[in-house]
Protein chains: 2
Amino acid sequence: MSDVRESADPGQGLTAAAFAPHDHKRCRVEGLARAEAVAATEGLRLTAVRRRALEILLEAHRALGAYEVLDRLAADGFGRQPPVAYRALDFLVEHGLAHRIQRLNAYTACMNPGRRHAPLFLICRACNAVAEAGGTRVRTALEGVAAEVGFAVERASVEAVGLCPACRQAGGA
Amino acid sequence: MSDVRESADPGQGLTAAAFAPHDHKRCRVEGLARAEAVAATEGLRLTAVRRRALEILLEAHRALGAYEVLDRLAADGFGRQPPVAYRALDFLVEHGLAHRIQRLNAYTACMNPGRRHAPLFLICRACNAVAEAGGTRVRTALEGVAAEVGFAVERASVEAVGLCPACRQAGGA
DNA sequence: CCTTGACGGTTACACTGTAACATATGCTAT
DNA sequence: ATAGCATATGTTACAGTGTAACCGTCAAGG
């Protein structure tokens, strides 16, 4: 229970800065740049819809439902039927450019694309912010438990619901 | 809630015996008995529908969708509209007698009711078996990461998809 | 040119979950 | 006992989430 406010993260490559105030615009620009880089090195086709879908997630800076993404895509002149959004989102998730938050039936841009990572999500029940935390500790623990029963983990989702620092302070009980 | 009281089992108190061959009937009988005990000590009303819903989960011994549970309830003379199943399942989950598997939109009986625990689910993608593992290691790691960014975890879901021992051996590529 | 394959668009539908209201059951205070 | 209240079960109707299947477009390559 060590109280850490917003110190620079120690090792672990934490990315959960989402809870700290920051410059959204930079988030979007850098996020897109990272995605472009990943797409280039992996030979992915980051088409217009896909690119725009990712941009929408980066701008929102919170988890968006597929239909929310769809609305924005439609507003930009893309198709307005569900598969349009689902296909773009599936693509992004499959290639590690976005994540699906099971608990919310929603999607969020990946803050750390390109590197293999075992993301973990912190979902604030008061303000709905979603932070992606990195780090191997949880994954290692999970692998350990699985190994004890002979289970081979391929993919894992770890999602915690609670209160973010700001909402805690605001007495978000 | 960060206080997780686990059994005194050596090595994490695993309960993931689900992957090992075992006597289903006993599972059901003992599961019901445990639930009765919990209901008694906590003053819960384990009514006919609720009890039957739990029994259905225990019998299936895998995760069931709400509508699957509903079908069986209806076949037993209970209502045949969705809220019937959802209410029973919500009750069971709320009181720790069952768990919801987010990834599958499904429910499974709790193998360890009564005690506060931080369950973790191992989902075999080949045979669809779901094992509930206990243990504090993963939870502790999660709390640690959360604490670093000042996030207060209230509830967490940890779900891993992969291959169970049997399917691994069967070359479940 | 013409085939091939990926992509994006559509229609139509399936699955999952909930709001709101009506009825029954059981407890409690008088 | 019974009136009043809370809880539980049942209903109808609908909202939200996700997918199957088909079709036209377009770029790459024989």
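Convention: sequence-line order gives letters A, B, ...; per-chain numbering from 1.
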Just how far, in rounded Å, is P of dC15(C) from CD of Q102(B)? 21 Å
Return the nearest nucleotide to the side chain of P82(A); candidates are dT19(D), dG17(C), dT11(D). dT19(D)
What is the minimum heavy-atom distance between V69(A) and A53(A), and which atoms define it? CG1-CB, 4.4 Å
At what distance, to the nearest 0.5 angstrom, does NE2 of H99(B) lie from OG of S157(B)? 11.5 Å
V49(B) has a side chain; which of dT11(D), dT11(C), dG10(D) sits nearest to it? dG10(D)
Does R45(B) offer a backbone N or O that forms a donor-acceptor pair with the side chain of R50(B) under 3.5 Å? yes
Treating R72(B) as the side-chain partner and I56(B) as the backbone partner, does any N or O pair qualify as donor plus acceptor under 3.5 Å? no
Table of protein N/O atoms under 3.5 Å from nucleotides 22-26 of chain C N/O atoms:
none

In whole angstrom, give the distance that lies between atom CD of E94(A) and atom P of dC7(C). 10 Å
I101(A) CD1 to dT17(D) P, straight-line distance once rounded to whole Å: 15 Å
Hey, does the side chain of N105(A) come within less than 4.0 Å of dG16(D)'s phosphate (OP1/OP2), counting only N and O? no
Does anything in residues 63-81 of chain A come within less than 4.0 Å of DNA chain D? Heavy atoms only, and list the residues if so. Y67(A)
Side chain E159(A), main chain Q102(A), donor-acceptor under 3.5 Å: yes
Kindly point out which of dT10(C), dG8(C), dG17(C) is positioned nearest to the side chain of Y86(B)? dG17(C)
Within this structure, what is the CG-to-C1' distance between D90(A) and dA6(C), rounded to whole angstrom? 15 Å
Give a yes or no on whether a salt bridge exists between E59(A) and R52(A), defined as a side-chain N under 4.0 angstrom from a carboxylate O. yes
Presence of R87(B) side-chain N/O under 4.0 Å of dG17(C) phosphate oxygens OP1/OP2: no
Pair V153(B), R139(B) - check side-chain contact (heavy atoms from CB on, under 4.5 Å), show working. CA-CA 10 Å; V153(B) 177; R139(B) 179 66 178 226; 3.8 Å; yes
Let me see the working for V138(B) and V138(A) under side-chain contact (heavy atoms from CB on, under 4.5 Å), right down to the final yes or no. CA-CA 6 Å; V138(B) 174; V138(A) 174; 4.1 Å; yes
Is it true that H95(B) and E42(B) share a donor-acceptor pair across their side chains at a distance under 3.5 Å? no
dT17(D) C1' sits how many Å from L104(B) CG, rounded? 16 Å
Can you check the R103(B) CZ to dT16(C) P distance for me, whole Å? 16 Å
